[in-house]
There are 2 protein chains.
Amino acid sequence: MNYTINEVAQKFGLSAHTLRYYDKEGLLPFIERTTSGNRVFTDADLNWVALICCLKDTGMPIKEMKTYSQWATLGAETIDERKQMLTEHRLEVTRQIEKLQQNLKLIDEKIEFYNDPDNIELMEKMKERVRSRAN
Amino acid sequence: MNYTINEVAQKFGLSAHTLRYYDKEGLLPFIERTTSGNRVFTDADLNWVALICCLKDTGMPIKEMKTYSQWATLGAETIDERKQMLTEHRLEVTRQIEKLQQNLKLIDEKIEFYNDPDNIELMEKMKERVRSRAN
DNA sequence: GCTTGACTTAGAGTTAACTCGAAGTGATAT
DNA sequence: ATATCACTTCGAGTTAACTCTAAGTCAAGC
């Protein structure tokens with residue numbers, strides 16, 4: 001099955017502009033063209049785009065994804081490099097998740113603070129005396 | 001206990017530049033000054049900066065944090081607005097975590113793919129025939 | 001009293017990742 | 001065959017969040 005750039009864009013919630021930009025930046029090294037120059041995406045390309053989106057969404061810079069893409073074009077001899085990059089990135093993602101969970105905790109504490117009528121009463125009383133700080 | 005801008009910057013892994021930038025953008029509405037105009041951070045301000053960092057790290061734009069900060073200066077009467085903003089943002093953060101966990105799964109699958117000798121062998125055989133795609 | 005160093009401001013510059021516009025080409029519908 | 005439409009390229013513009021520079025102020029130590 002083949003897909004046009006707009007079909008792929010729709011599937012991944014990107015714009016055709018963005019896909020061309022990724023292509024220009026060397027992130028889509030496998031995409032073939034029609035005789036008239038239009039990009040043709042195969043199912044294998046869709047998997048590739050999915051990986052690129054995954055790496056992008058987890059904060060990998062375009063430059064690094066480009067390196068990964070170049071390694072992929074070189075075939076089996078770059079497997080170790082690619083595996084290492086993904087393994088390091090994996091660790092990065094787990095750190096992001098941990099950080100988010102900590103931050104979520106702080107937000108929950110803040111919401112809890114607002115849910116406690118005692119705190120609200122205190123804030124109301126403070127009104128005219130001291131400027132309420134850090135609430 | 002009071003702190004200088006550099007002490008606070010160090011504590012939160014920010015630069016003094018960035019803290020001044022946040023102040024200019026209205027994110028630090030409670031910070032007092034010395035007679036000579038230097039910022040003085042109290043412990044309450046440290047808690048406030050911690051919240052700002054938390055919101056920033058979870059993707060809240062500066063504009064929205066500014067709104068929140070302005071509400072905070074108005075005192076108890078804006079508690080509902082603030083609680084609602086945090087509650088919506090909380091949901092956003094849980095979505096981020098879910099998305100990251102999905103992406104982590106894909107990365108793990110990819111690493112698993114590279115760890116399977118069968119796949120490596122396949123890739124090596126493909127070398128001269130078809131350009132390796134989506135690996 | 002002068003130097004040093006940390007601070008101040010306003011505003012310009014940078015970076016990453018898009019995002020858009022202009023000008024043009026090719027395939028399909030009438 | 002001509003209008004439409006999706007595509008192409010190149011390059012300029014945008015946005016958010018810093019990041020830095022220049023010019024200046026202030027307090028403490030020699």
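Computation of the quantities below employed the complete heavy-atom set of this structure, encompassing side-chain atoms and omitting hydrogens, waters and symmetry-equivalent molecules. Each chain gets a letter, A, B and so on, in the order the sequences are listed, and its residues count up from 1.
Backbone-only engagement by B:Arg39 is indicated by non-hydrogen atom pairs under 4.0 Å involving sugar-phosphate atoms exclusively. Among the heavy atoms of the strands lying under 4.0 Å from B:Thr4 are primed sugar atoms or P, OP1, OP2 only; no base atom is included.
Between B:Arg33 and C:dT9 there is a side-chain polar atom (N or O) within less than 4.0 angstrom of OP1 or OP2.
Sorted by first and then second residue, the salt bridge (Lys or Arg N to Asp or Glu O under 4.0 Å) pairs involving residues 10-25 of chain B (not counting sequence neighbours) are B:Asp23-B:Arg33, B:Asp23-B:Arg39. Among pairs with a residue in residues 89-104 of chain B, those fulfilling salt bridge (Lys or Arg N to Asp or Glu O under 4.0 Å) read A:Asp57-B:Lys99, A:Asp108-B:Arg90, B:Glu92-B:Arg95, at least two apart in sequence or across chains.
In this structure, the CG atom of B:Leu19 is 16 Å from the C1' atom of C:dT9, given to the nearest Å. A straight line from CZ of A:Arg20 to P of C:dT19 spans 14 Å, rounded to a whole angstrom. Remark: P of C:dT8 and CD1 of B:Ile31 are 11 Å apart, rounded to the nearest angstrom. Rounded to an integer number of Å, the gap from CG of B:Asn38 to C1' of C:dG5 is 12 Å.
For A:Asp118, the side-chain contact (heavy atoms from CB on, under 4.5 Å) partners two or more places apart in sequence, or in a different chain, are A:Asp116. Looking at residues two or more places apart in sequence or on another chain, you find a salt bridge (Lys or Arg N to Asp or Glu O under 4.0 Å) between B:Glu121 and B:Lys125. Contacts of B:Asp80 classified as side-chain contact (heavy atoms from CB on, under 4.5 Å), with partners at least two apart in sequence or in another chain: none. Applying the side-chain contact (heavy atoms from CB on, under 4.5 Å) test to A:Gln70 and every residue at least two apart in sequence or in another chain returns A:Lys66. Looking at residues two or more places apart in sequence or on another chain, you find no side-chain contact (heavy atoms from CB on, under 4.5 Å) involving B:Thr35.
Consecutive pairing runs in DNA chain D reach the stem threshold at C:1-30 with D:1-30, where a stem means at least three Watson-Crick or G-U wobble pairs with distances under 3.5 Å.
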Treating primed atoms plus P, OP1 and OP2 as sugar-phosphate and everything else as base, which nucleotides of nucleotides 16-26 of chain D get B, S or - for protein heavy atoms under 4.0 Å? -BBBBB----S
Are B:Lys56 and B:Leu14 close enough, and set up right, to give a side chain to side chain contact (heavy atoms under 4.5 Å, CB included), and what steps lead you there? CA-CA 12 Å; B:Lys56 182 203 72 170; B:Leu14 303 169; 3.8 Å; yes
